[in-house]
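I'd like to ask you about the structure that follows.
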Amino acid sequence: MSDTKRLLWRDMTVFDGLHELPEPMAVITRGSRIDTLCPMREFDESLGQGIRDAGRGGVMTPGLIDCHTHLVFGGNRADEFEKRLEGASYAEIAKAGGGILSTVHATRAASEDELLAAALPRLQALVDDGATTVEIKSGYGLTVEDELKMLRVARRLGERLSVRIVTTLLGAHALPPEYEGDSDAYIALVCDEMIPAAASEGLADAVDVFCETIAFSVDQCERVFQAAEKHGLPIKAHAEQLSNLGGSAMAARHGALSADHIEYLDEQGVIALRDAGSVAVILPGAFHTLRETQRPPIEALRRHGVPMAVATDANPGSSPLFQPTLMLNLACTLFRLTPREALAGMTANAARALGQTGFGCIEEGANADLCVWDIQRPAELAYAVQSGRLRQRVFQGEPTHG
C-alpha cells in the first residue's frame, strides 16, 4: 500500500468518542481504517517507517456527525425571524400558513439543480467545521414526487463533497394545504405510496415523523412507523418539542433509533428510551432560535443512562445555524451538558442515533473519519465559538483539509 494511504500522527490528545484518553497517543491509519492507536510511551518509531507523517500535537477527535438536519430546502424564512422577535410564537406562525408550509411552497417550485445549488454552501459550512457525516431529512415537499426530489438532492450532495450523507424520509412533517381537514388521508399517502417509493428507489435510510399538536397524532405517527417497518427502514421521531404527547415512548416501543427535540419529555418517556436503547437527540439551535424556556430533562436522561446526541437541526425556520461546534457550546450553556457529553453527542452518540457502527469513535479497526484541532484540550471546542481551529479533516482515510 502506498505511503499516501498510510498516515501517522504523534503526540495527539485523543478524544475517542466518549472520553479524553489520559496520555499522548500515536495514531496510524491504513486506507479507510484506523490501524494503530497506542500511547506514545509505547510507540516504536520503527512502526512509522515508510508511513506519511501527518502531524504532531493538537487534539484529535472523530469526525463530527450531525445526526439531524433539514439542509435541502427552497427559499428562506427571515420574515418569520422578524415576526417572532415582534412576539409571534412558532405555533402561531405555523397556524397562519407560515412555518414549514412556506418552505414547502418554495421547495416545490424549485428544481433539483436549484435545490442542490442552494444546499451546497450549507453543507460546505458543516464540512468546514469538522462534519464528516451529515443526516439530511426530506419533509418540505409533501408529495411523493417532491419528497423523492429532496432525497435525490441529498444523495447528490454526497457526490459533490467529501462527506457521508444519511437520508431520512420525513413525509409526515406537516399537513400539506391540499389535505387540509383530512390528515388521515395524507398519512395514508405517506404509508401507501411515499414510503414504498422511497424504499424501492433506495433513497431513504430511515423514516421520521413530527409527532406534535401542530403536526400529527401519536396514532398517525405509529401508522407511519408500521409502514416503515414493512419496508425494512429504521425509524426516528421529532417528539415532545412543544408538548408532551407521548410520541417518544411510542417511538421507543417500535425500536426507534432516536427521539429528537424532547424538551417536554417526562420520566416515563425517558425510561422508555432507555429500555429501547434509543438515543435522545438534543437540538439547542432550535431552542435558542425559538427562545424556548422548557429545557430537555438532562438530569433524568443522565440518571437513566440514556445516550444523548447533539445536532444542528439546520433548517430555514427554527435553526438556520450551520456550525456544529456552535452546537457544542449551546448544549453546554443552554442545557448544562458537560463539554465531554456535548462532544460525545456529536461523535459516538450521534453515530448511534443514525444506527452506524464503527463511526464516531477512535479505536483500532474503526472508520478513519478524523479531525485534528489546534487546541490544547477537547473541552475548548465547546468553550469557545471560534472558526479556524480545524487543522486537518480526514474522510475515509483521505485528508480533505490541511
Side-chain angles (χ1 to χ4, degrees), residues 65-72 132-139 147-148 150-152 154-155 158 163-173 187 190-211 215-216 218-241 246-262 265 269 272-283 306-311 313 345-361 367:
I65 298 174
D66 196 350
C67 67
H68 183 131
T69 85
H70 305 255
L71 281 184
V72 176
T132 53
T133 298
V134 175
E135 185 256 20
I136 301 178
K137 303 179 190 294
S138 65
E147 288 292 294
L148 297 185
M150 292 185 67
L151 293 172
R152 282 193 294 268
R155 292 285 197 222
V163 60
R164 185 175 299 98
I165 298 297
V166 178
T167 58
T168 299
L169 174 65
L170 181 56
H173 195 195
I187 289 296
V190 172
C191 295
D192 299 340
E193 298 184 41
M194 200 177 287
I195 290 173
S200 67
E201 295 190 32
L203 290 174
D205 299 314
V207 170
D208 200 346
V209 297
F210 188 13
C211 187
F216 299 100
V218 172
D219 289 343
Q220 289 170 329
C221 292
E222 187 165 30
R223 287 167 55 193
V224 174
F225 289 162
Q226 290 167 345
E229 290 163 358
K230 289 179 182 178
H231 291 275
L233 292 171
I235 59 172
K236 305 168 69 68
H238 289 60
E240 275 69 66
Q241 180 184 7
S248 297
M250 182 275 293
R253 289 196 298 272
H254 285 269
L257 291 173
S258 69
D260 303 29
H261 286 290
I262 64 163
L265 185 67
L273 294 180
R274 179 201 65 191
D275 292 347
S278 302
V279 177
V281 178
I282 308 300
L283 302 172
V306 177
M308 292 180 283
V310 176
D313 192 20
M346 292 204 92
T347 52
N349 289 342
R352 184 170 173 178
L354 296 178
Q356 295 187 330
T357 57
F359 294 89
C361 58
N367 191 275

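Values below: every heavy atom of this structure, side chains too, minus hydrogens, waters and symmetry copies. Because the structure is a prediction, the values reported are computed rather than measured.
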Intermediate values then yes/no, side chain to side chain contact (heavy atoms under 4.5 Å, CB included), Asn367 and Arg164: CA-CA 12 Å; Asn367 191 275; Arg164 185 175 299 98; 3.6 Å; yes
Salt bridge (charged side-chain N to carboxylate O under 4.0 Å, His left out) assessment of Arg155 paired with Asp205: CA-CA 11 Å; Arg155 292 285 197 222; Asp205 299 314; 3.1 Å; yes
Nearest heavy-atom neighbours spanning Val218 and Gly246: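 The pair with the smallest heavy-atom distance is CG2-C, 4.3 Å.
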Pairing of Asp313 and Lys137 as salt bridge, 4.0 angstrom limit: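 Looking at Asp313 and Lys137, the cut-off is not met.
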Between CD1 on residue Ile235 and SG on residue Cys221, distance to nearest 0.5 Å: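 Output value for this atom pair is 10.0 Å.
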From CA spacing to verdict: side chain to side chain contact (heavy atoms under 4.5 Å, CB included), Cys191, Val224: CA-CA 6 Å; Cys191 295; Val224 174; 4.1 Å; yes
Any donor-acceptor N/O pair, Asn349 side chain to Met308 backbone, under 3.5 Å: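 Checking the backbone N and O of Met308 against the side chain of Asn349, a donor-acceptor pair under 3.5 Å is found.
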Separation between NE2 of His173 and NE2 of His238, rounded to the nearest 0.5 Å: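 Those atoms lie 5.0 Å apart.
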Minimum heavy-atom distance Ala204-Leu233, with the two atoms named: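 Minimum heavy-atom contact is O-CD2, 3.3 Å.
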Residue pair Val134 / Leu71: nearest heavy atoms and the distance that separates them: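 Smallest interatomic distance, heavy atoms only, reads CG1-CD1, 4.0 Å.
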Spatial distance of atom CD (Gln220) from atom SG (Cys211) [nearest 0.5 Å]: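 Gln220 CD to Cys211 SG: 9.0 Å, rounded to 0.5 Å.
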Value rounded to 0.5 Å, distance of CZ in Arg352 from CG in Leu257: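 That separation rounds to 10.5 Å.
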Ser138 side chain to Leu170 backbone, donor-acceptor under 3.5 Å: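 Yes; at least one donor-acceptor contact below 3.5 Å.
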Pairwise distance CD1(Ile195) to CD(Glu147) - rounded to 0.5 angstrom: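 So the gap between those two atoms works out to 10.5 Å.
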Geometric class of the Phe225/His254 ring pair [parallel <30°, tilted 30-60°, perpendicular >60°]: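 Correct class here is tilted.
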CG-NZ distance between Asp208 and Lys236, expressed to the nearest 0.5 angstrom: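 Atom-to-atom, Asp208:CG and Lys236:NZ are 6.5 Å apart.
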Sidechain-backbone polar pair: Glu135 side chain, Thr167 backbone, donor-acceptor under 3.5 Å: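 No; zero donor-acceptor contacts below 3.5 Å.
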Close side-chain approach of Phe216 to Ile187, heavy-atom, < 4.5 Å: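 A side-chain contact exists here, since the closest heavy-atom pair is under 4.5 Å.
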Heavy-atom pair of closest approach, residues Ser248 and Glu240: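 Reported closest heavy-atom pair: OG-OE1, 2.6 Å.
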Using residues 273-283 as the side-chain source, report each donor-acceptor pair under 3.5 Å to any protein atom, sequence neighbours left out, with the distance given to one decimal.
{"unit_1": "Arg274", "atom_1": "NH1", "unit_2": "His304", "atom_2": "ND1", "d": "3.3"}
{"unit_1": "Ser278", "atom_1": "OG", "unit_2": "Ala256", "atom_2": "O", "d": "2.6"}

Atom of Leu354, atom of Ile65 and distance for their closest heavy-atom approach: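 In this case the closest contact between Leu354 and Ile65 is CD1-CG2, 3.8 Å.
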Residue pair Ile165 / Ile136: nearest heavy atoms and the distance that separates them: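 Closest heavy-atom pair between Ile165 and Ile136: CD1-CD1, 3.8 Å.
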Worked verdict on Val207 versus His231 for side chain to side chain contact (heavy atoms under 4.5 Å, CB included): CA-CA 10 Å; Val207 170; His231 291 275; over 6 Å; no
